[in-house]
Each structure stands twice: as C-alpha cells, then as structure tokens.
Amino acid sequence: MDLRYKLIKNTNIIIAVAVLLVLILIPIAMVLFRSFLVEGEFHIAAPVQTIIQHDLTEVFVNSMRLAFTVVVVTTVIAAPLAFITAKTDLAKHRWIDVVMLVPFMTPPYIATMGWILFMQPRGIAETMFPFFTVFRPMFFSFSGIVMVMSFNLFPFIYLVIKNTLVEITRSLEDAGSVHGGGFGYRMRRIILPLVFSGYTMGALLIFVKTLAEFGTPATLGRRVGYYVFTTEIYRYTNQWPIDFARGTALASVLLVTCMVIWYVQQLVASKYAYTVVGGRDHGKKIYYLGKGQIFAWLYIAVLLILAVGVPYYSIITSSLMNVWGRGFTAGNFTFQHYVNLFAGGTQGSRALWNSMYLSFLAATIAMMLGTFLAVVIIRSKGFIRKFIDISSLLSNTVPRIVIIVGLILFWNSPVMIPVTVYNTIWILALTYVVAFLPYTVQYVKANFQQIDDSLFHAAQVCGAKRGYITRRILFPLIRPGMISGWIMTFIISIRELVGSLMIRPAGIETSATYIYRQFDQGEIPLGMAMAMTTVGITTVIMIIVQRGRRTGANTAN
Amino acid sequence: MSIVIDGVRKTFGSVQAVRETHLTVDSVEFITLLGPSGCGKTTLLRLIAGLELPDDGEITLGDHLVYSNRKSIQIPAEERGLGMVFQDFALWPHLTVFENVAFGLRARKDTKRLKERVLWALDKVQLQGFVDRYPKQLSGGQQQRVSFARAIVTEPKIILLDEPLSALDAVLRDGLRLMLRTLTNELGLTAVYVTHDQHEAMSISDRIVVMRDGVMLQNENPEQVYNKPNSMFVANFIGKSNFIPLNGLKEHEHAMVRPEQLKLKQDNDDDLAFDVLVTSVSYLGDRYEVILELDSDTVWTAYLPKRVEQESTVTIYISKDDIHVIQGGSDE
C-alpha cells in the first residue's frame with residue numbers, strides 16, 4: 001500500500017480518538033462507573049443490588065414484557081403486509097412503501113398524543129365517532145401502549161422482511177416447486193429459513209428500540225401507571241425527589257441489557273446469514289391473489305387508518321380547535337394557534353426558533369465531524385479503525401437516555417466546570433451532535449466505500465497533490481452522504497424529546513419540550529399546532545431534498 | 001524516455017510480490033508484462049508509477065532517479081509526470097469528459113491553451129463530440145478512450161497501461177488495441193503494458209516480459225518467446241506445446257514443437273515421422289484443431305489444413321529445425 005495516500009496522518013487519528021473520548025466514550029463510561037459506586041466505594045454487584053433493594057424489578061419486568069410484546073405484535077402486523085407487497089400482484093404499487101414510512105417518521109410521542117386525544121374522555125372519538133369509546137378501557141392499559149408503539153415501529157420490520165423476500169429470486173422458489181414442494185412446503189423449507197436471519201435482526205432491533213423508547217411510555221405509560229426504564233430514569237434524574245444514583249443504576253442496567261441483545265444479534269447474524277446468490281434471473285415469483293386482492297387492500301387500508309389516519313386526524317383537528325374538548329364545530333375552528341407560533345414574542349415561537357437554530361447548528365457540526373470521522377475510519381486500519389468505527393456509531397447502539405445521563409454526569413462534573421456548556425443553551429446542540437453523529441458517519445462511510453481506490457490513484461498519476469485530490473475528487477464524491485447526514489440530523493434534532501427534556505437549562509424550551517408541556521398541562525391545541533408545524537417543516541425539507549437529488553442524479557453520478 | 005529498474009523488490013506482508021528485478025525499457029519501446037494473476041506484473045507497474053514503494057533498489061525514468069532506497073529518494077506519483085490507464089477506467093463520475101481529461105493539466109496548474117489541448121487529446125481518441133457527457137453516459141470502450149486521452153493530454157514521455165482492455169467486450173478489444181499501438185507510436189511514447197492475455201501481448205508488443213511468482217522468466221521479443229520459450233512454464237503459458245520423446249535428451253530436457261509445426265507431408269528427408277491416433281477433430285474455420293495420441297502418455301495438438309478421420313491412424317512429420325529443446329523440470 002502506498003503510505004502517503006492510503007493511510008492517514010497520525011495526528012488525525014489522535015484528534016478523532018480524543019473527540020470520541022470526550023463526546024461519547026467518557027460520558028458512557030461514567031454511567032457504568034457511577035452505577036458501581038455505593039457511597040463512594042466500588043461494588044461489582046451494585047447495579048443489581050440497587051435494582052433489588054429499591055424494588056425496581058417491576059420496572060425491569062415491565063420493560064422486557066413491553067419490548068417482547070411489541071416485537072410479537074409488529075411481526076404479526078408486518079409479515080402479511082411484507083408478503084403482499086413483495087410476492088403478490090400488489091407488488092407493483094411502490095407507493096405503499098412510501099406511505100408506510102409515515103408512521104415511522106412520526107415521532108412516537110406525537111403519534112401517542114394523537115391516540116390519547118382520540119380515545120380520552122371528551123376526546124375526538126367521543127365527539128365524532130362515539131362507537132370507539134367502548135375500546136377506551138383497553139386503550140388506557142398495557143395493550144394501548146403496545147398498540148401505539150407497534151403501529152409506530154412495524155414499518156421497520158416490514159421493510160426488513162420485505163427486502164429479504166424480494167431477494168429470494170424466482171428460480172429458488174421454482175426449483176422448489178419443480179422438485180415437488182407445494183406452497184406450504186416451500187414456505188417452510190425455503191422462504192422462512194432465508195428470511196429468518198434478516199427477521200431476527202429486525203426483531204432484536206425493535207426489541208432494543210422499544211426498551212429505549214421514551215415518548216410513548218412518558219405520555220401514555222405514565223398516565224396508566226405502566227413504568228419502564230426510560231420513564232423511571234427520567235423521573236429519578238429530573239423530578240423531585242431526585243435520586244441520581246438510582247437513575248444511573250437503571251441507566252446502566254438498560255445499557256447492559258441492550259449490549260447483551262446486540263451481542264446476541266451479532267451471533268445470530270453471523271450464524272444464519274445467507275447470501276442469496278442471484279443468477280441472471282432477478283425476477284421474483286408472483287402469487288396472483290385474484291379476488292383475494294380485496295382483502296389485501298382492506299388490510300392495507302385498516303393498517304393505514306390506525307397507524308396514520310387516527311393520530312394525524314386527532315392532531316390536526318386538535319390544532320385547529322379554539323377550545324379543546326368542545327368538539328369540532330364551526331364556532332370552534334381557528335388558525336390562531338399556528339399564527340401564534342409564527343407571530344414572534346410568544347413562548348411557542350421562541351421554542352420553535354430555538355429548535356430551528358440549535359438543530360441547524362447541530363446538523364452542521366455533526367456533518368463536519370461525522371465526515372471527518374468517516375474519512376479517518378476508511379483510511380486507517382486494524383484495531384484503531386475498528387475502535388473509531390464502533391465508537392462513532394455508539395450513539396446508535398446505546399439507548400439515547402443512557403447517553404443523556406452520561407452527558408449530564410460528564411458536563412456537570414466538577415472537572416468540567418471551567419469549560420462546561422452545561423446549563424447553557426449550547427448543551428442542547430452538543431447533545432444533538434453526540435446523539436445523531438452516527439447518521440453522517442454511516443452515510444459518508446457508505447458513500448466513501450463505493451469509491452474505488454483507482455479514482456484516487458488516477459488523480460495522483462495525473463499530478464494532483466493530496467489537498468487537490470481531497471478537494472476535487474474525494475469531497476464531491478462524498479457530498480451526497482454529507483448532505484443526507486445533515487438533513488437527517490436536522491430533522492431528528494428538531495423533534496428530539498428526551499434529550500431536550502432532560503438536558504435543557506431551566507427556562508429554555510424547544511419545540512419538542514413545548515409540545516410535551518402543552519400536552520401535559522397546558523393548552524392542547526397550541527401543542528398540537530406545534531406538532532404539526534415541526535412534522536410539516538421536516539416533511540417539506542425531505543421532499544425538497546428528494547426532488548433535488550432526483551434532478552441532480554440525472555447529471556452527475 | 002527510458003525506464004531502468006535496478007534491483008527492485010517488493011513484499012506485501014509475507015508475500016514476495018516482486019523479487020529482485022532488473023529491467024530496462026528503451027525509449028519509445030512498447031513492452032508488455034505478461035503472466036497469470038498474482039505474478040507481480042501489476043505491482044511492478046505500480047512501482048514504476050509511484051503508487052507503491054519498493055522495499056529496495058532503484059528506478060530511473062529517463063535521466064531522473066525517481067526512487068532509490070540507498071539514496072533515500074522517493075519521488076511521489078504526482079511528480080513523475082507519467083500517463084496511466086487503469087483496468088476499470090477510473091474515470092471520475094462527477095466530472096464531465098472534458099474535466100476528466102483536463103484534470104491533469106489543472107492539477108499541475110498547466111492551464112495554458114487548456115481547451116485546445118484537451119480537445120487535441122480527445123481528437124486523438126476520436127471522441128471530439130463527447131466533451132459534455134458524464135462517464136456513465138458512455139459505453140465501456142468510450143470510457144477507456146477517455147481514460148487514454150486523460151493519460152496523453154499532459155504529453156508524458158511514458159505511458160503505463162494496466163490491463164486496459166480486459167474489462168471490454170472481445171469485439172471492442174481488437175479495435176482499441178490497434179488504436180493504442182498506433183497512438184503510442186505516433187506520440188513517441190515509451191509504453192509498459194500489463195496483461196494476462198497472451199494474444200494481446202504478442203500482437204501489441206515490441207518485447208514481452210513473462211513473469212511468474214514475482215520473477216521475470218523470459219524477456220525477449222514475441223517471436224522468440226513463442227518459438228524459443230526458455231522454460232516449461234513459458235512454453236505452456238504461451239500457445240500450445242507438444243512434447244516429443246527424442247532419443248539423446250538429457251534429464252530435465254524437453255523437446256517441444258508448436259501445433260502448426262506438425263505436418264501431414266514430409267518436406268525433408270530427415271524429418272521425424274510418428275504414427276499417431278486421431279482422437280478428436282475440431283473445425284475452426286481457418287484450420288482443423290486435431291488431438292493426436294502417440295501413446296497413452298503423449299497427447300499432441302496439431303493445426304492441420306485438412307480434415308482427418310477421427311479414430312484413424314495418420315503419420316505426422318516434424319522438421320528437426322522446428323524442435324526446440326527446453327531445460328528445466330517438467331513441473332515448471
């Protein structure tokens with residue numbers, strides 16, 4: 001290998017490691033470390049003790065039970081849909097995939113609020129669809145939490161199953177039927193084993209996502225007395241009486257649980273992963289439903305009504321009501337809440353503005369830092385490469401709330417006092433950078449990996465020096481990844497709830513905390529207007545980018 | 001411009017990619033490095049380009065010492081002023097044809113008469129009308145021509161070609177090969193060409209260097225390499241070889257003739273004659289490829305001008321002048 005161009009300067013590696021240590025590794029290590037301390041002394045069993053002593057086993061069991069049930073329910077919802085859109089005559093309707101992304105792109109707390117507004121006494125259902133009120137006791141219970149979370153998360157497992165199904169080529173199945181396998185036998189012996197590995201990965205991911213999710217448990221779970229890790233961590237670290245030790249103990253148990261699951265996933269993935277080697281025929285087998293199509297469409301319709309229709313209907317109507325709870329009548333209709341948000345000077349407009357510029361700042365920093373890390377990862381090798389790679393993607397693996405606790409411990413620690421941004425508004429931007437850094441790293445890395453070395457070598461032979469190659473070849477080729485990273489960071493920063501809620505300095509509101517507070521004890525219509533505004537802004541940005549990319553794709557790359 | 005490689009070695013980990021090598025390429029000579037994959041030919045080319053650093057030795061381009069381990073000289077690739085064509089074309093997808101070709105000029109800040117020179121290079125490869133296209137809008141053959149234009153636009157004295165035709169269809173390959181050879185002659189370029197395809201090597205080169213396991217086995221013109229292979233490996237790698245049981249051969253000596261040297265008629269009185277069994281006949285259009293069996297250990301391939309009956313016995317004549325004796329173990 002050519003030392004001068006292939007590899008990266010040591011100073012860059014040192015900078016990368018230092019940045020990762022300060023931003024991610026030390027904060028997470030502090031969570032772990034703190035939970036092992038009992039009155040200043042180190043005890044290996046301390047987290048377990050804390051759990052048992054303080055009767056937190058219920059929280060642990062609740063969390064696991066919820067995660068497991070959500071995995072089962074999402075699978076039951078997603079599997080038929082995946083089969084319909086991958087293997088039947090409905091496969092040509094590509095738009096279904098796009099629509100199915102809507103619930104996934106809706107922040108869980110917003111979707112949950114929509115459902116609560118729909119089901120609660122004097123809610124949307126009662127005034128408009130009284131029939132639904134019979135489900136009220138069912139909704140305000142464990143099953144309601146499972147339902148809302150499942151409708152939020154099923155698109156993920158749907159896409160996983162669908163993508164594996166699509167990869168199973170016609171010839172694999174044809175070979176099965178030519179050699180005497182009927183439909184059921186083919187399903188059992190060919191399709192299911194090939195889908196299995198992809199599915200388990202998706203299922204474990206849903207499991208971890210459910211464990212780590214704050215929005216739904218915080219809005220619906222707390223209302224019905226169902227407490228899980230995230231809500232309890234939030235309670236012990238943010239609400240009086242504060243018990244930080246218990247909070248960190250819970251955080252570290254959550255962290256360890258997730259790590260174990262990730263480890264299992266790695267094992268499963270390496271053991272059962274098949275590469276479906278496609279021959280020339282990349283067609284797939286189509287099962288013609290005939291009259292059965294109507295049931296497939298019905299299924300899709302019901303799914304969309306429950307996953308998208310109900311929550312958005314509630315949110316939109318609520319945001320347009322003058323006084324919430326009086327029903328949606330002519331006299332009770334107003335745009336005033338939206339006007340209010342953009343008017344300036346109001347609490348809502350300040351929150352929205354805060355979110356906008358903090359997210360802009362975070363997205364920009366995350367893009368630059370993430371690109372730097374991605375380039376260092378690609379250009380380094382061996383242990384150090386793996387170390388930087390895993391560390392910079394850690395925020396995707398570790399539950400967000402654990403990272404937030406780590407950030408609080410680290411930036412609020414006595415050592416950091418002289419330089420800390422804690423208790424200033426900038427800690428929010430920093431939190432978003434840390435939490436969403438993996439997106440840029442992943443996008444740029446994927447982008448970079450597709451660039452063949454010969455493109456750089458050709459430039460070198462042509463007489464270009466390092467800086468020139470970076471500017472004219474490397475940078476333009478990874479720009480799409482950088483832009484995707486920026487957009488993603490911006491969008492999810494605007495909506496980020498748990499991080500904003502836990503780490504914001506007193507008196508500072510972001511759009512997400514504003515929605516949360518208005519919903520909890522303020523004016524629901526105002527909160528919902530804010531919810532629609534953030535969803536609207538982020539959707540518009542995504543559409544613009546998609547458009548731009550499509551036209552851009554016609555010329556270069 | 002000449003190339004002198006003096007005692008150059010290169011290892012990757014425990015693999016000796018190029019063992020100590022001495023090679024001189026004369027100015028305006030077209031030389032081919034030929035061998036199976038992993039023989040070190042591409043590594044040798046990249047060492048000349050400066051894309052890899054040797055472990056030892058010296059490399060001189062013209063009167064410029066560009067690498068010397070002893071004198072600690074390492075001129076990087078971008079300062080060696082070479083042209084290079086890559087196997088996968090290595091065109092930059094985000095730049096137009098014009099900008100791809102202009103890259104070397106801009107990178108060296110040599111932008112005087114830029115447009116004129118880029119168009120000149122594109123004209124040489126007959127792609128004048130394609131300046132505003134992006135690489136993905138071109139066919140494979142056109143892409144490789146752009147890549148050639150990019151290599152010559154800076155008017156280098158040496159051009160390095162790393163299997164430039166192997167990613168292309170057979171039909172395109174012949175045409176492009178002729179173009180490469182014509183242009184290198186016309187521009188007075190010294191060319192080092194890497195390939196694993198013996199036909200390409202023989203048709204394009206002034207001289208062929210056959211390599212195996214990082215070692216240069218033979219370094220002569222194509223006719224010599226074909227007619228007088230100096231090892232069993234070269235004899236078997238290039239063309240088809242028939243070995244004849246001759247009396248008076250010493251140990252590790254093999255008597256070889258090429259398929260077209262087996263005849264059905266006797267030309268000279270002292271021609272050797274063998275009665276052989278015809279085991280298969282394939283018609284190739286311009287000739288018949290015939291598999292002949294002298295005994296169960298000795299199977300020959302002959303190119304004959306007319307059909308012979310399968311399963312018949314024929315008499316084959318071999319002129320003594322055509323027999324080439326190779327020294328070396330039979331496993332080589």
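Reminder, nothing fancy here: chain letters follow the sequence lines and each chain counts from 1. Just the heavy atoms: all of them, side chains too, but no hydrogens, waters or symmetry mates, feed the values below. What you see is a predicted model; the values in this text were computed from it and never measured.
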How far apart are the closest heavy atoms of B/Gly83 and A/Val461, and which atoms are they?
C-CG1, 4.3 Å

Quick one: closest heavy-atom pair of B/Gly50 and A/Gln460, and the distance?
O-NE2, 4.4 Å

What part of B/Leu91 gets within 4.5 angstrom of chain A, counting heavy atoms only: side chain, backbone, both, or neither?
backbone

Please state whether the side chain, the backbone, both or neither of B/Arg106 comes within less than 4.5 Å of a heavy atom of chain A.
both

How about CZ on A/Phe448, more than 12 heavy atoms from neighbouring residues, nucleotides or ligands closer than 6.0 Å, or not?
yes

Roughly how far, to the nearest 0.5 Å, is CD of B/Glu78 from SG of A/Cys462?
11.0 Å

Calculate, to the nearest 0.5 Å, the distance between atoms CZ and CD1 belonging to B/Phe103 and A/Ile473 respectively.
4.0 Å

Counting only non-hydrogen atoms closer than 4.5 Å, does A/Arg479 touch chain B with its backbone (N, CA, C, O), its side chain (CB onward), both, or neither?
neither

Does any N or O in the side chain of B/Trp92 come within less than 3.5 Å of the main-chain N or O of A/Leu455, such that one atom is a donor and the other an acceptor?
yes

Without swapping roles, check the side chain of B/His94 against the backbone of A/Arg472 for a donor-acceptor pair under 3.5 Å.
yes

